[in-house]
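So you know, we letter chains A, B, ... as the sequences are listed, proteins then strands, and number each from 1. On a predicted model such as this, the values are computed, not experimentally measured, just so you know.
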There are 2 protein chains.
Amino acid sequence: MSKTGVTVGSSTYEKLKHDIIFGVLAPGTKLKLGPLRQSYEASVSTLRETLNRLASEGFVTAEEQRGFFVSPVSNKDLIEITNLRVLLECHAIRKSVVAGGTEWEGNLVAAHYKLHQMEKRMATGDESEKETWKRFDWEFHLALIQACDSQNLLDLHAIIYDKYLRYQMLVLTYRGQVAVEEHKAIFDAALARDAELAGRLLEQHIQNGLDHTLAALG
Amino acid sequence: MSKTGVTVGSSTYEKLKHDIIFGVLAPGTKLKLGPLRQSYEASVSTLRETLNRLASEGFVTAEEQRGFFVSPVSNKDLIEITNLRVLLECHAIRKSVVAGGTEWEGNLVAAHYKLHQMEKRMATGDESEKETWKRFDWEFHLALIQACDSQNLLDLHAIIYDKYLRYQMLVLTYRGQVAVEEHKAIFDAALARDAELAGRLLEQHIQNGLDHTLAALG
DNA sequence: TCTTTTAAAATATCATATATTATTGCTAAT
DNA sequence: ATTAGCAATAATATATGATATTTTAAAAGA
């Protein structure tokens, strides 16, 4: 999902975050400094810096003098995260669709094209590149809101999206043609500069994804 | 605003965050580890943990291999932060006003009472306890949204609120009787369980605060 | 003036020491 | 016997100072 940063700290951060989001480290797992030191090839200090960052973002839970844990998951948390994603992303898409210029349009077209190519591969049953597919999904959603003109909003959204992604990865299944059509509809509404429609379609899209995930979680 | 945590790390975090929010450390200041080590009486590693946390939250800006800076301020950033606060807090108050029980009402009444007492003191020109006043302001706004039933939303809001507070502290002046009446109106609407009205009044209240701050910043 | 070299400062990383928490095994009481 | 309380020990987290890299600044050379 991202290359190995230049410093030990940043690459450790990337690796740990990836392993939490993609379920390599199960929810609730105790993150003991000693063992982590070996598996991530970093010193205690570097690991603690990383864990503190991840704790601020909510992927890790820190208990004073008792150490770090992979944050637990729950249906309630998933629903809260989804509601926040709807709140932030729908607000952002409305701003973005109104403000976006030609540059924005170009990036959006490119992002949708790439996502659609991958969706076609997924439709054939080729599930060898789920991570790539999810990355293109992320890039498409990011492209939609990119022109919202608020870095603070984009930053917040990125974290919430990653938390949402973690739940998706727990049950990762392809939602199929329906989701493809939803993406297309949002894409068309955005290019047509219909901010309200784009917002409504996006909300429905995210809501459907939640239902799908909740059903898969049982 | 917060007590001196039990570990060196947590108390350093509290102190540094406080000093950034309350302007002791000016925006843009380079945070060199050596000097910090002395003024905050903590080791390099402990300081780096703290700075990484604050960087995640946006109070500090980290540049790979170039160190840490107090995040800069700008009118654009203030406007972005305010818009996010409106988005999050108004959403939360609507949920909260609908869902709140007697416990919530009680806390809200208490919070408003305390805030109002302090407002009366401020009105007399007694500006000796600005920090206390701002804390009661925070507690009132928190009490309003407390029952929104989303810890994720409350966590996000707390960070955004602190960022907003930092801008207030740069120009700290008492907005006077107008703000007092706005608080009272929001309070009444909340107790009357008029979620829509409470949301609208809150949005206007925050917007007015922004105008006041922008005017003071010049 | 521009590039290259050198010296100083600052950051990133580590290994180790200290403090805290968790575990184990024992004793005594019900 | 079983369990509650308590001590001793092990495991773990926290904190520090020292070291290795990297960046920045200054000086020298073209």
request  = Let me know which of A:His116, A:His112, A:His205 forms a ring-ring contact (aromatic ring centres under 6.0 Å, His included) with A:His183.
outcome  = A:His205

note = Whether each nucleotide of nucleotides 7-18 of chain C has a protein heavy atom under 4.0 Å at its base (B), only at its sugar-phosphate (S) or at neither (-) is summarised, 5' to 3', as ---SSSBBB---

query = Is it true that A:Asp77 and A:Lys163 have a side-chain N and a carboxylate O under 4.0 angstrom from each other?
reply = no

query = For the helix from C:dT1-D:dA30 to C:dT30-D:dA1, what is the angle between the axes at its two ends, each from 5 pairs, rounded to 10°?
reply = 20°

inquiry  = Looking only at side-chain N and O atoms, does A:His91 offer a donor or acceptor that is under 3.5 Å from a partner on B:Asn83?
reply    = no

query = Between B:Tyr13 and B:Arg53, is there a cation-pi geometry (under 6.0 Å to ring centre, at most 45° from the normal)?
reply = yes

inquiry  = How long is the straight-line distance from CG of B:Leu78 back to CG of B:Leu170, given to the nearest 0.5 Å?
reply    = 9.0 Å

query = Taking only residues at least two apart or on different chains, which pairs with a member in residues 101-113 of chain A satisfy salt bridge (charged side-chain N to carboxylate O under 4.0 Å, His left out)?
reply = A:Glu105-A:Arg193

ask   = Under 3.5 Å, is there a donor-acceptor pair linking the side chains of B:Glu64 and A:Ser10?
value = yes

task = Please report, rounded to the nearest Å, how far the P atom of D:dT14 is from the CG atom of A:Leu36.
result = 13 Å

ask   = Is any NZ, NE, NH1 or NH2 atom of the basic residue among A:Glu182 and A:Arg175 found under 4.0 Å from an Asp or Glu carboxylate oxygen of the other?
value = yes

